[in-house]
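This chain uses plain numbering: 1 for the first residue, then up along the sequence. Computed from a predicted model, the values in this text were never measured in an experiment. Side-chain atoms are counted along with the backbone in the values below, which use heavy atoms only and exclude waters and symmetry mates.
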Amino acid sequence: MNNRIFKISLTAALAGFLFGFDTVVISGANLPIKELWDTSPLFHGVFIMSMALWGTVLGSLFGGIPCDKLGRKKTLIWIGILYFISALGSSVAQDPYLFSFFRFIGGVGVGASSVAAPIYISEISTPENRGKLGAMYQFNIVFGIFIAFISNYLLKGFDGANDWRWMLGIEGIPALAYTAMVFYIPNSPRWLITKKQDEKRALKALEFITNAEVAKLRLQEIKDALGKTFSKEKLFSGKYKKQLLLAFFIAFFNQLSGINFVLYYAPEILERAGLASKESLFSSISIGIVNLVFTLIGIRLIDRLGRKQLMKIGSLGYIISLAMVGWCFYADANSTLLLTFILVFIASHAIGQGAVIWVFISEIFPNNVRASGQSWGTGTHWVFAAVITLVTPVFLDADKGIFRENPWPIFLFFALMMVLQLLWVIFKMPETKGVSLEELGRKLSSNKSKPS
């Protein structure tokens, strides 16, 4: 693999580290904030736990606009700034409303990140390594999750009642570092051609990441593909119905697996299983480790086995693990056994949906509508993530939740949804490995053959 492409992709993918850290760090602040501001289950779900996700919805739905207007690179710079503002503001907030505002700002950064970073990486990579490089974004997400769990654990007891403020505020350090690093990556050559019609700068960008001969060939391929499409054609013109449905369903099933439900509420779920507060935070670290290890396995396999095969493996793992977690709660099984099946669930996600989703959505749309298509897919993902996170306290709250006595029906519901995902993968999901972005755009936009 070209070393320069790897370094550039890794820099862009570090947006995923801030994504993972920002979205999961709230798990350590969840219960302390609930006690501090004495929030009701519904208020806590709307203003404390899910407000960042509604910002994420906004950032993902409209993230394609700055990606097209400002470019992928400048958008990534602004994303780093938003993360920094959110970390600093939420850590010093004195009331739940101001806190939710700054969490919302961070959510906008997360949402825009899930649009800009995967697009950028897919547009500078090659068909042979696009899966690995694109999946680095997911690796950085889970690495951020892992570090957030460790950070929360280490800061527990650091400053008494203010522990949660340190947990949230420390994110400002990597946010500033990331913002500085993005200044040194090139603009996307496909954006320069498609949106700026600047062949000279596009060729320079291509030459920066590969040799002059290959750069000229890729430039011509991109120009040829653009010439066969209508550059002003809209995403919802009807031509891209297949891609829209594919992006919608992979994002829909991603959240109906219950992954954010488990990650956001991990300490509370584990406490319900019988672990003490400090033990539940420590056990959350094991979730981060498993997520990290199996994401690495998924990255290694995504360009070998392909996206579809990983989704099949992940779906089967989801079904088994979710059903068993539900049974553990129903039968009041040993907390260690329950944690084991939660870890199997995390591993199934990491090797399947986790490794595949951002790569798949970023590669199925053609160059001229890729940013808006990415916004559609990520927007779907985050709308369902926000809804699930918002309503979770209504079902899970230990005092007033619908399933306060035993949350097993929640996990059974997620298991049934994963049966549907497996059927969708088998019968509807195409394989996209090893095919150029231009060729994928052409094949999926027609009603003829599927990529193989």
Side-chain angles (χ1 to χ4, degrees), residues 1-16 67-68 70-77 115-140 178 181-229 231 299-304 306-307 355 358-371 374 432-443 451:
M1 185 184 297
N2 183 308
N3 189 49
R4 184 168 286 180
I5 292 179
F6 175 79
K7 289 180 179 178
I8 294 169
S9 298
L10 179 59
T11 299
L14 286 173
C67 278
D68 280 343
L70 302 177
R72 287 50 161 149
K73 176 180 175 177
K74 286 184 179 179
T75 301
L76 289 172
I77 291 172
V115 176
I119 289 175
Y120 179 85
I121 296 169
S122 73
E123 291 184 343
I124 65 165
S125 57
T126 65
E128 294 76 25
N129 60 33
R130 190 176 61 241
K132 291 185 180 69
L133 293 176
M136 280 201 307
Y137 179 70
Q138 176 65 17
F139 170 79
N140 276 281
Y178 170 74
M181 291 171 66
V182 176
F183 277 98
Y184 295 96
I185 65 175
N187 278 299
S188 161
R190 286 181 168 90
W191 174 75
L192 288 169
I193 296 173
T194 306
K195 301 300 178 182
K196 305 300 287 185
Q197 289 80 49
D198 193 336
E199 293 185 21
K200 185 176 180 180
R201 289 175 63 200
L203 182 60
K204 284 186 177 180
L206 286 167
E207 288 175 341
F208 183 76
I209 59 180
T210 187
N211 62 63
E213 184 178 347
V214 173
K216 290 179 182 179
L217 291 173
R218 289 190 184 171
L219 179 67
Q220 190 59 50
E221 182 183 19
I222 297 168
K223 287 170 58 181
D224 290 345
L226 183 62
K228 295 175 183 177
T229 62
S231 60
I299 291 173
R300 187 171 182 83
L301 295 177
I302 192 168
D303 284 324
R304 294 185 181 185
R307 290 59 157 154
W358 306 115
V359 174
F360 187 75
I361 295 175
S362 70
E363 65 188 2
I364 60 176
F365 291 95
N367 292 328
N368 55 309
V369 294
R370 182 167 296 115
Q374 184 80 8
T432 58
K433 71 168 183 174
V435 186
S436 73
L437 293 177
E438 286 69 34
E439 182 68 7
L440 274 173
R442 184 186 68 79
K443 289 187 174 183

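For the residue pair Thr210 and Ala215, the shortest heavy atom distance occurs at CG2-N, 3.9 Å. For the pair Ile119 and Ala371, the tightest heavy-atom approach, listed with the atom from each and the gap, is CD1-CA, 3.4 Å. Contact record, Trp358 with Gln138: NE1-OE1, 3.1 Å, taken as the closest heavy-atom pair. Looking at every heavy atom in both residues, Arg130 comes nearest to Ser125 through CG-OG, 3.3 Å. Here the shortest heavy-atom pairing between Ala116 and Leu76 reads CB-CD2, 3.8 Å.
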(request) Determine, stepwise, if the pair Asn129 / Thr126 fulfils side chain to side chain contact (heavy atoms under 4.5 Å, CB included). (result) CA-CA 6 Å; Asn129 60 33; Thr126 65; 3.1 Å; yes
(request) Please lay out, stage by stage, how Ser362 and Ile121 fare under the test side chain to side chain contact (heavy atoms under 4.5 Å, CB included). (result) CA-CA 9 Å; Ser362 70; Ile121 296 169; over 6 Å; no
(message) Let's go through Ile8 and Thr11 carefully: what are the C-alpha distance in whole Å and the side-chain angles of both, what is the deciding distance for side chain to side chain contact (heavy atoms under 4.5 Å, CB included) to 0.1 Å, and is it a yes or a no?
(response) CA-CA 5 Å; Ile8 294 169; Thr11 299; 5.8 Å; no
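When side chains are defined from C-beta on, Thr75 does not count as touching Tyr120, because their heavy atoms never get closer than 4.5 Å. Using a 4.5 Å cut-off on side-chain heavy atoms (C-beta onward), Gln374 and Pro118 make contact.
Side-chain N or O atoms of Arg72 include none that pairs as donor or acceptor with a backbone N or O of Ser188 at under 3.5 Å. Side-chain atoms of Lys433 do not come within 3.5 Å of backbone N or O of Ile302 as any donor-acceptor pair. Using a distance-only test at 3.5 Å, with no hydrogens or angles considered, a donor-acceptor pair links the side chain of Arg370 to the main chain of Phe365. Between the side chain of Ser9 and the backbone N or O of Phe6 there is no donor-acceptor pair closer than 3.5 Å.
Rounding to the nearest 0.5 Å places CG of Asp224 at 9.5 Å from CG of Leu219. Interatomic distance, CH2 of Trp191 versus CD1 of Ile222, reported as 14.0 Å (0.5 Å rounding). In this structure, the separation between CG on Leu10 and CG on Asn140 is 6.0 Å, given to the nearest 0.5 Å. Note that CG of Leu192 is 6.0 Å distant from CG of Asp198, once rounded to the nearest 0.5 Å. Here the CG atom belonging to Asp68 is positioned 10.5 Å from the NZ atom belonging to Lys196, to the nearest 0.5 angstrom. The distance from atom CZ of Phe208 to atom CD1 of Ile5, rounded to the nearest 0.5 Å, is 11.0 Å.
With sequence neighbours left out, Ser436 forms a side chain to side chain contact (heavy atoms under 4.5 Å, CB included) with Pro127, Glu221, Glu438, Glu439. By the side chain to side chain contact (heavy atoms under 4.5 Å, CB included) test, Glu213 pairs with Asn211, sequence neighbours left out. Listed by chain and residue number, Asp303, Glu363 satisfy the salt bridge (Lys or Arg N to Asp or Glu O under 4.0 Å) test with Arg307 (two or more places apart in sequence, or in another chain). With sequence neighbours left out, Glu199 forms a side chain to side chain contact (heavy atoms under 4.5 Å, CB included) with Lys223. Remark: Ala135 engages Ile299, Val359 in a side chain to side chain contact (heavy atoms under 4.5 Å, CB included) (not counting sequence neighbours).
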Expected list for residues 200-207: side-chain donor-acceptor pairs under 3.5 angstrom, two or more places apart:
none

